[in-house]
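Contents: one structure, followed by commentary.
The chains referred to below are lettered A, B, ... by the order of the sequence lines, with proteins before strands, and numbering in each begins at 1.
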Number of protein chains: 2
Amino acid sequence: MPEQLAKTVKIGVDSREATSRIPEMLRRYPDVEIDYGQMESGDFLVAPGHIVERKADSDFVASLLDGRLFPQLALMKAEHQDVILLIEGSIHSHRSMISDEALHGAMSYLTVLAKVPLIYSRDAADTAALIYRFALHLQHGLGYEIPLRTQKPKGSLSTWQQYVVEGLPGVGPGRAQGLIKHFGGVKGLFSASEASISAAPGIGPKTAAKIFEITQS
Amino acid sequence: MPEQLAKTVKIGVDSREATSRIPEMLRRYPDVEIDYGQMESGDFLVAPGHIVERKADSDFVASLLDGRLFPQLALMKAEHQDVILLIEGSIHSHRSMISDEALHGAMSYLTVLAKVPLIYSRDAADTAALIYRFALHLQHGLGYEIPLRTQKPKGSLSTWQQYVVEGLPGVGPGRAQGLIKHFGGVKGLFSASEASISAAPGIGPKTAAKIFEITQS
DNA sequence: ACTTCCGATCCTTGA
DNA sequence: TCAAGGATCGGAAGT
């Protein structure tokens, strides 16, 4: 019997959200395990300490106008270390209800001071998919590393050498060729002193220092 | 009513953005003081250590597809404490270009793992207003002060090292980290023999030969 | 970002 | 002991 040890993704759903379509959509993911329960605040517990508050666009604007929003979020932050505010719909369609200044102020306050990230979703399906991704990322990480460099060259040796050297800070195609020529190859550059790097054409002391910091270690 | 000496709000603008309409709009705020300068990464310095990267909706999707986005943000995080990604326009209009999974993954990764908040703006006027709010909040926000530490985040060196090493053929994130760890840095790798390269974890004779060809020369 | 695909690497087997 | 096989990992390319 092939024991399937697929890692599960646990998502806590508040009983108030239990009747919405979201849990049913979440259950479609085979690795999702839903845990219903009464929560004091917030809607979806996406990882320990990470709560998602789902708000319809109209609700968001309304609760902003009547002053419920910030106290409610403050309460959540007291209970959970991280709060994510997910806004379903389109704020733009409710802009006539609220001044631009108030909206900008709220967005700015939430993201830079309160550290509550805002996420927009188009509809319920979008919301479910986002909640699943949050839970997956927080509970199991990405599962791989993001490559820093992409679309690598295919060509000759010198092409590759130039590409590698271009990875150094402050070095583009021109300086890369100059450096390779000056040092007669890649090897010399990566064992050169700061002074001799600075002697290469087009390289000043500041760039030389940065390059040296990376090659030397 | 006594005169109130308004505190100024300083905003750093990268020279590439200097020609856009944003600086002109920012200058309409009487308390804003704009400081032009060349920045290595990012567009608007909204407080010490807080950089805003402005991206058009189409750019966001395009740079996501060809893999430029995350390296760019990673390098920004190596230079600044906090990065804010401001997306101008509507992502929804470009959804046909990219899979929903990828888009959700990107949004989730940015907000919960990379800790890069996403902000959406409708147009350039919106962008300017949001940038002003960020600067205002961060510089004189709600009583308490932002620590003016401008020091680079730790880990910027290793990010650059990994960036350079990933430029080698057959080397992605995993092998890059393995190589740097195995050789204790970049210098050792670039002066290593083919045999000792092959001794690194995950590197076989094929890959070792290709790496050696470039470093040796 | 995700997904799919493919080649290289590594590990186990069995002669 | 080592060659051949297959399972796994990791990078490359494409949506």
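Note on B:Thr207: only backbone sugar-phosphate atoms sit closer than 4.0 angstrom, heavy atoms only; bases stay farther off. Nucleic acid contact class of B:Pro205 (heavy atoms, under 4.0 Å, all strands): sugar-phosphate only. Across all strands shown, A:Leu142 has heavy atoms under 4.0 Å from sugar-phosphate atoms exclusively, and none from any base.
The shortest distance between the side-chain N/O atoms of B:His104 and the OP1/OP2 oxygens of C:dT3 is not below 4.0 Å.
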task: Could you walk me through whether B:Thr159 and B:Ser156 pass the side-chain hydrogen bond (donor to acceptor under 3.5 Å, both in side chains) test, one step at a time?
output: CA-CA 5 Å; B:Thr159 303; B:Ser156 65; over 6 Å; no

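A donor-acceptor pair is defined here as one N or O able to donate and one able to accept, closer than 3.5 Å; no such pair exists between the side chain of B:Ser198 and the backbone of B:Glu194.
The CG-P distance, from B:Asp100 to C:dT3, rounds to 12 Å in whole Å. Atom CG of B:Leu103 is separated from atom C1' of C:dT3 by 15 Å (rounded to the nearest Å). The separation between B:Lys210 atom NZ and C:dG7 atom P is 12 Å, rounded to whole Å. One can place CG of A:Leu136 at 11 Å from C1' of C:dC2, the figure rounded to the nearest angstrom.
Using cut-offs of 30° and 60° for the angle between ring planes, the B:Tyr120 and A:Tyr120 rings count as perpendicular.
Taking the charged nitrogens against the carboxylate oxygens, B:Arg122 and A:Asp100 do have a contact shorter than 4.0 Å, which makes a salt bridge. In summary, B:Glu79 and B:Lys77 do not engage in a salt bridge, as defined by a charged side-chain N under 4.0 Å from a carboxylate O.
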task: Mark up nucleotides 9-15 of chain D, 5' to 3', with B wherever a protein heavy atom is under 4.0 angstrom from a base atom, S wherever such an atom reaches only the sugar-phosphate, and - elsewhere.
output: --SS--B

Distance-only check: which donor-acceptor pairs under 3.5 Å involve side-chain atoms of residues 167-182 of chain A, not counting sequence neighbours?
{"from": "A:Arg175", "atom 1": "NE", "to": "A:Gly202", "atom 2": "O", "distance (Å)": "3.1"}
{"from": "A:Arg175", "atom 1": "NH1", "to": "A:Gly170", "atom 2": "O", "distance (Å)": "2.7"}
{"from": "A:Arg175", "atom 1": "NH2", "to": "A:Gly202", "atom 2": "O", "distance (Å)": "3.3"}
{"from": "A:Gln177", "atom 1": "NE2", "to": "A:Gln162", "atom 2": "OE1", "distance (Å)": "3.2"}

